[in-house]
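Have a look at the structure below, then the notes.
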Amino acid sequence: MERREKRQRQIRWRCRRGARELDLLLSAFVDRHYHALNDTERRQFDRLLESPDPQLSDWLCQNAQPTDPEIAAIVKRICAAHRD
């Protein structure tokens, strides 16, 4: 249990970006949904966080679509969670 909580804290720290909107969106997703992700989805989320802020913003604001299907899948999940 402690290891999972530590990992979630590390991921939440990585969600801190240069833009407040991204910080809020990504952190809220981690707080509410990260625990329910399977290993594949967690890897997708990790890869997503490697993206530059302008690209993340475009994807999460749905101004552009990722070309990588795995990244597109986690973006879709984040956007759907945000609408709920």
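All heavy atoms count here, side chains included; hydrogens, waters and symmetry mates do not. The first residue in the sequence is number 1, and the count goes up from there.
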So do the side chains of [X] and [Y] get within less than 4.5 Å of each other, counting heavy atoms only?
X	Y	value
Q62	C79	yes
W59	S51	yes
L60	L26	yes
C15	D23	no
R9	R12	no

Are the side chain of [X] and the backbone of [Y] linked by a donor-acceptor contact shorter than 3.5 Å?
X	Y	result
R42	Y34	yes
D58	A64	no
Q65	A72	no
R32	A81	no

Subject >> Any residue meeting side-chain contact (heavy atoms from CB on, under 4.5 Å) with E41, in chain and number order, not counting sequence neighbours >> reply: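 With sequence neighbours excluded, E41 shows a side-chain contact (heavy atoms from CB on, under 4.5 Å) to L37, N38, Q44, I74, R77, given in chain and number order.
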Would you compute the distance between atom [atom1] of [X] and atom [atom2] of [Y] and round it to the nearest 0.5 angstrom?
X	Y	atom1	atom2	value
K6	I11	NZ	CD1	12.5 Å
F45	R14	CZ	CZ	8.5 Å
C61	E21	SG	CD	7.5 Å
Q55	I71	CD	CD1	9.0 Å

**OP:** For residues D53 and A19, report the shortest heavy-atom separation together with the two atoms involved.
**Re:**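 Looking at all heavy atoms of both residues, the shortest contact is OD2-N, 4.3 Å.
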**OP:** Identify the two heavy atoms, one from L48 and one from I78, that lie closest to each other, and give their separation to 0.1 Å.
**Re:**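 In terms of heavy atoms, the two residues are closest at CD2-CD1, 3.5 Å.
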Original post:
Does the distance from a Lys or Arg side-chain N to an Asp or Glu carboxylate O, for R7 and D46, drop under 4.0 Å?
Top reply: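 Looking at R7 and D46, the cut-off is met.
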